[in-house]
Amino acid sequence: MCEDNHGGLARRALFVTGAAAALTLGSVSFASAADGDQETRTVRGTLPPGSPDFVYVPVEVPAGVREIKVAYTYDRPSVPAGTTGNALDIGVFDDRGTELGGRGFRGWSGGARTEFFLRADDATPGYLPGPVREGTWHIALGPYTVAPQGLSYEITITLTYGEPGEAVEPVYPPERAKGRGRAWYRGDCHLHSWYSDGRRTPAEIGALARAAGLDFINSSEHNTHSAHAHWADVAGDDLLVMLGEEITTRNGHVVALGTDPGTFVDWRYRARDNRFGRFARQIRRAGGLVVPAHPHATCVGCNWKFGFGEADAVEVWNGPYTPDDEVTLADWDSMLVASVRGERGWIPATGSSDAHRDPDPVGSPQTVVLADDLTRQAIQEGIRAGRSYIAESARVALSFRASGGRGEHAGIGERLTVGRDTPVTVRLEVTGAPRCTVRFVTDQGVLHTSPPLPVAGAGVVEWRTTPSYAAYVRAEVRHEAAAGPIPGPLAAFTNPVFLGR
């Protein structure tokens, strides 16, 4: 075993990779060895507060390597209350380099694992199997947060020599399941398996999705597409599995929903780098939707800073309904008002579980989409058009429409084209929402609140208005409030129906 001490700031080069500043340390070298032999190198160093977002450790890989294995540790000193401690993410790029765009990307586990391996026939979840080619590889470190004392790390790299195993040909899930024609389909567009920082296997998630009454799910691992080739056995006639990624930047997270198999989207940039548009366009070229996730989440780096100009939809409800979801709902409603003023097109809302591990429920909440069939394209078209509502579970079902005096009618995500002063009847039918209250929300705010629904959970609520009084109407179904005038948590809500010409 050889050791190489990188020191605090020694043997470094500061450069710009595409946009984000990165630190490259001195390289780690190996000598060739005989088949079956192993060589190990250990490097140590310390990163100061204010380090670049990404630190690369070059590794010179000789010919004849069968497997590369990396393990790492770092210190976690005590810090005062309110001060961030140390958190260090890790991944790897192969001999094709670290250029922004990810041509050399071979895997990322963030902070979920302390070690990983890659070889032609297998790899740690989060990483891509494939040949270990001769050349300069880069271990990618992501100092997510650094304590005032600095972040001391140790990386151990082990190369095993020998003939490579047989490469594995990826098999992807089909883009179609056995649907019911034009119907309402329930799905969870944002969840995690052990291919990033989740703890469930794809098979376990599939079983939970079926138990939750879902028709479709979307694979959305943090900063890796390594799970794509592991969903084929989970999909079936009764469950459509779409493929994507949660692009987890330092300025917010965005779900790539339903991309082509094998699509990787880079995450190594901030809003100030002006690079997000490039990768949003990449998502769409790969057939996916751009969906900013939990825009007002309070975790470090989770709050969405890129704006919504590239968004196809926005995740308004993420996991258990909390105050940050309430803020997102209000923010989204303000965007609806802006769209009515003609300042921009409107952005539909979605909701997803973001489930990682037990006891996180899969399918709570879920997006219920009116689609022509149970296919990737049809589901995406329904979400993009806003023909959807969000429910806390499959127990809750809604039917929402607006009708004019001459038989005109429009449903969720549609426009009722009638004159400004034409009387309009808004009607919501609800099941599965015992003791919940229905609220009709317009561009003026909440204009109608119903009495609590019966214990049986079913009811019909109607309200009359005109397009001059309400430019749009959307419905909220809320649980009973704990106290006072504060509204209770959501049980369901709809995308709007727009009124007027």
Worksheet entry | Cation-pi geometry met for Arg275 and Phe279 (6.0 Å, 45°) | no
Worksheet item: Which is it for Tyr127 and Trp108 under the ring pair (Phe, Tyr, Trp, His ring centres under 6.0 Å) test, yes or no, and what are the steps along the way?
Response: CA-CA 6 Å; Tyr127 294 80; Trp108 181 259; 8.6 Å; no
Item to complete: Answer yes when Glu67 and Lys69 have at least one side-chain N-carboxylate O distance shorter than 4.0 Å, and no when they do not.
Response: no
Fill in: Residues Asp358, Arg200: salt bridge by 4.0 Å N-O rule
yes
Practice prompt. Inspect the contact between Asp53 and Arg270 and indicate whether a charged nitrogen and a carboxylate oxygen are less than 4.0 angstrom apart.
Written response: yes
Discussion item. Less than 4.0 angstrom from a charged side-chain N to a carboxylate O is my criterion; do Lys178 and Asp238 meet it?
Written reply: no
Fill in: Leu329 side chain reached by Leu490 side chain, heavy atoms, under 4.5 Å
yes
Worksheet item: Can Glu315 and His294 be said to form a side-chain hydrogen bond (donor to acceptor under 3.5 Å, both in side chains), step by step?
Response: CA-CA 6 Å; Glu315 186 186 76; His294 45 67; 5.1 Å; no
Discussion item. One thing to verify: whether Asp94 and Arg103 come together as a salt bridge, which I'm taking to mean a side-chain N less than 4.0 angstrom from a carboxylate O.
Written reply: no
Worksheet item: If you take all heavy atoms of Pro174 and Ala235, which pair is closest and at what distance?
Response: CD-CB, 4.1 Å
Fill in: Phe264 ring center near His225 ring center (under 6.0 Å)
yes
Discussion item. Under a 4.0 Å threshold between the charged nitrogen and the carboxylate oxygen, would Glu204 count as salt-bridged to Arg199?
Written reply: no
Worksheet entry | ring pair (Phe, Tyr, Trp, His ring centres under 6.0 Å) between Phe306 and Trp304, worked out | CA-CA 6 Å; Phe306 293 93; Trp304 184 249; 4.9 Å; yes
Item to complete: Check whether the side chains of Asp325 and Thr322 place a donor and an acceptor atom closer than 3.5 Å, and report yes or no.
Response: yes
Discussion item. Assess whether a salt bridge exists between Asp215 and Arg186, defined as any Lys/Arg side-chain N lying under 4.0 Å from an Asp/Glu carboxylate O.
Written reply: no
Fill in: Contact check, side chains of Leu191 and Asp354, non-hydrogen atoms, under 4.5 Å
no
Worksheet item: Picking from Val79, Thr84, Thr83, what satisfies side-chain contact (heavy atoms from CB on, under 4.5 Å) with Thr145?
Response: Thr84
Fill in: Sub-4.5 Å side-chain heavy-atom contact between Phe276 and Glu310
yes
Worksheet item: Do Arg182 and Asp373 meet the salt-bridge criterion of a basic N to acidic O distance under 4.0 Å?
Response: no
Worksheet item: Which atoms form the tightest heavy-atom contact between Gln282 and Thr263, and what is the distance?
Response: NE2-CG2, 4.2 Å
Worksheet item: Without hydrogens or angle criteria, can the side chains of Ser152 and Thr46 be said to hold a donor-acceptor pair below 3.5 Å?
Response: yes
Discussion item. Once ring pair (Phe, Tyr, Trp, His ring centres under 6.0 Å) is applied, what residue pairs with a partner in residues 159-179 remain, sequence neighbours excluded?
Written reply: none
Response to the item:
Of all heavy-atom pairs linking Pro129 and Ala123, the shortest is N-CB, 3.6 Å
